[in-house]
Q: 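The structure under discussion is supplied below as structure tokens; questions concerning it will follow.
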2 protein chains.
Amino acid sequence: MPVRPPATGEDPRIVRSRAIILAAAHDHFVAHGYLGANIDALAEEAGVSKRTVYNIYGGKEELFRAVLDRAIGIAEEFSRELADAMATVGLEGLAVRLVRVLLSDRVVPLRRLLIGESRRFPELAAAYYDRAPGLVMRTLAEHLPTLPGLRIDDPDTAAAHFAFLVVGAPLDRAMFGEQRLGDTELERAALAGVAAFRRAYAAAGNGP
Amino acid sequence: MPVRPPATGEDPRIVRSRAIILAAAHDHFVAHGYLGANIDALAEEAGVSKRTVYNIYGGKEELFRAVLDRAIGIAEEFSRELADAMATVGLEGLAVRLVRVLLSDRVVPLRRLLIGESRRFPELAAAYYDRAPGLVMRTLAEHLPTLPGLRIDDPDTAAAHFAFLVVGAPLDRAMFGEQRLGDTELERAALAGVAAFRRAYAAAGNGP
DNA sequence: CCTACCGATCGGTAGG
DNA sequence: CCTACCGATCGGTAGG
């Protein structure tokens, strides 16, 4: 998935520089934001000259978009893996995976960046939402009604309830940089969320 | 040049300018972020000279902190009002108020700004979290066990579950700038969250 | 001659 | 309060 059309053949030096710059730019933009990013520093961190950055990516904004296109693509892949996992693992397994991915050092800083730049780059924030959390939520909405022991009248609402019972509180805390929970506590919180979900959506028991 | 004596705080012109600048700066920082903010533009929007801004607030960072100190104080007030309302309105009434406040044009942009600047100003993001959502959550944890018809074993977890069942999905969407739900849909989503919470934490019915 | 790259520097802007 | 202006910084580019 070439972010830019292969303007000049497939010179392995360019291919290599492109990947190196993209990785360094990701870290740099995540650390400093769009305006706070410095192409000189970024290029130095990537170990290439600034000119190379401009030759390959054209400019700061284009580089930023390339970085986020890739990051959103990766987030989409993770989301698809989560979606695939629904068929094989139970709700508890899904919850633990969900919380691990969303509270990871890959996702939290990316979400911070996209939220912080959502006025400057609204399409990027929207694309992320649609292709990552939105994808998970849509798949959940399809999957939940097929599970035994649950009664799901409104799949979209149930999917949102599951997701935010599992990750809501720790994720919101993390967005503000509050101390991240340890893995054990995260898992505990995720399972407590699943338990609450199962009680709320149990097939038997409390009829309408 | 700035020969103004430190006997500030009494001069009504300063008091007035201070308030005008603070309000204009709030809008400006929320719209552009910290680095994107422009003191010349901000001063013009406030209708004062740039020099006045520096006379009163000293600099960009000090002005930013003053703006956010005030905004966090206001968010804390709202949270305290929500806390007070718990004694008089039911869970449904509380949920509707919660969703209205958190999804408002006052709170969503403030949260975006604080999250976006949470690396540059970690104490501000932490202060907001502690004094606004944290305060609501702590009060909820105290309040929920006193309500009839519910069985609350772990008040902190139950408080988090209530809050994120009610506002989780629409708030997360809103952070990424996705189209805000209408008041009717928001209220509907909030009440669906309360209904799920009541099922999950019903005192009678589904034993283990 | 071309592509990739570097050292050096310019035009424009922002905080102060 | 305004204009003018500084020291510094930064995105982007020309020469080699």
Side-chain angles (χ1 to χ4, degrees), chain A residues 2-68 113 117 119-121, chain B residues 1-5 8 11-68 116-117 120-121:
Chain A
V3 177
R4 295 205 111 217
T8 54
E10 284 309 308
D11 189 319
R13 289 171 300 180
I14 293 188
V15 172
R16 182 180 144 76
S17 288
R18 203 192 324 253
I20 288 177
I21 293 170
L22 213 54
H26 180 103
D27 294 346
H28 192 87
F29 279 123
V30 154
H32 300 98
Y34 178 71
L35 289 180
N38 179 317
I39 302 292
D40 288 277
L42 190 159
E44 193 179 336
E45 286 158 18
V48 303
S49 80
K50 184 160 67 161
R51 196 68 184 87
T52 304
V53 175
Y54 282 95
N55 282 343
I56 296 183
Y57 286 101
K60 190 183 197 184
E61 181 170 337
E62 292 91 329
L63 178 56
F64 186 72
R65 290 184 188 277
V67 164
L68 286 179
L113 179 61
E117 304 296 347
R119 266 198 197 64
R120 219 176 308 272
F121 299 98
Chain B
M1 241 87 73
V3 209
R4 195 171 289 282
T8 61
D11 191 325
R13 290 170 301 177
I14 294 188
V15 171
R16 182 179 144 76
S17 289
R18 199 188 329 251
I20 290 176
I21 293 170
L22 213 54
H26 180 103
D27 293 346
H28 193 86
F29 279 123
V30 154
H32 300 98
Y34 178 71
L35 290 179
N38 179 315
I39 302 292
D40 287 278
L42 190 159
E44 193 178 337
E45 287 159 18
V48 303
S49 79
K50 185 160 64 162
R51 189 59 188 274
T52 304
V53 174
Y54 281 95
N55 281 343
I56 295 183
Y57 286 101
K60 191 185 196 183
E61 181 169 335
E62 291 90 329
L63 179 55
F64 186 73
R65 291 184 187 278
V67 163
L68 286 179
E117 304 296 348
R120 219 177 307 276
F121 300 99

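Residue numbers start from 1 in every chain, and the chains themselves are labelled A, B, ... in the order their sequence lines are given, proteins ahead of strands.
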Q: Mind checking the CZ-CD spacing from B/Phe121 to B/Glu61? Nearest 0.5 Å is all I need.
A: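 Going from the CZ atom of B/Phe121 to the CD atom of B/Glu61 covers 4.5 Å.
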Q: From A/Ile56 CD1 over to A/Arg51 CZ, what is the distance, rounded to the nearest 0.5 angstrom?
A: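 Going from CD1 on A/Ile56 over to CZ on A/Arg51, the span is 11.0 Å.
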Q: Starting at OH of A/Tyr54, measure out to CD1 of A/Ile39 and round the result to the nearest 0.5 Å.
A: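 A/Tyr54 atom OH to A/Ile39 atom CD1 measures 4.5 Å (nearest 0.5 Å).
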Q: Check the distance between C/dG16's C1' and B/Leu63's CG and give it to me in whole angstrom.
A: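 Those two atoms, CG and C1', are 14 Å apart.
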Q: Can you measure B/Glu61 atom CD to C/dG16 atom C1' for me and round it to whole angstrom units?
A: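 Atom CD in B/Glu61 sits about 14 Å away from atom C1' in C/dG16.
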Q: With a sphere of 6.0 Å drawn around CD of A/Glu44, does it hold more than 12 non-hydrogen atoms of other residues, nucleotides or ligands?
A: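 12 or below, so no.
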Q: With A/His26 as reference, evaluate A/Leu42, A/Val67, A/Leu63, A/Ile21 under the side chain to side chain contact (heavy atoms under 4.5 Å, CB included) test and give the passing residue.
A: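 Among A/Leu42, A/Val67, A/Leu63, A/Ile21, the one that satisfies the side chain to side chain contact (heavy atoms under 4.5 Å, CB included) with A/His26 is A/Val67.
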Q: Rounded to the Å, how far apart are B/Lys60 NZ and D/dA8 P?
A: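 One finds 18 Å between P of D/dA8 and NZ of B/Lys60, rounded.
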Q: Would you mind reading off the distance between B/Ile20 atom CD1 and D/dC1 atom P, rounded to a whole angstrom?
A: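 Interatomic distance, CD1 of B/Ile20 to P of D/dC1: 10 Å.
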Q: Would you give the length of the straight line joining atom OH of B/Tyr34 to atom NE2 of B/His28, rounded to the nearest 0.5 angstrom?
A: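 One finds 12.0 Å between OH of B/Tyr34 and NE2 of B/His28.
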Q: Quick one: stems involving DNA chain C, counted as three or more successive Watson-Crick or G-U pairs, both distances short of 3.5 Å.
A: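 The stems that DNA chain C takes part in number none, since no run reaches 3 pairs.
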Q: Specify the residues of residues 28-54 of chain A, ordered by number, for which at least one heavy atom lies under 4.0 angstrom from an atom of DNA chain D.
A: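 Going residue by residue through residues 28-54 of chain A, the ones with a heavy atom under 4.0 Å of DNA chain D turn out to be A/Ala37, A/Asn38, A/Ile39, A/Lys50, A/Arg51, A/Tyr54.
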Q: Is there any salt bridge (Lys or Arg N to Asp or Glu O under 4.0 Å) pair reaching into residues 19-39 of chain B, and which pairs are they, with sequence neighbours excluded?
A: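 For residues 19-39 of chain B, and leaving out neighbouring residues, there are no salt bridge (Lys or Arg N to Asp or Glu O under 4.0 Å) pairs at all.
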Q: Are side-chain heavy atoms of A/Glu117 and A/Phe29 found at a separation under 4.5 Å?
A: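 They are not in contact (no side-chain heavy atoms under 4.5 Å apart), so the answer is no.
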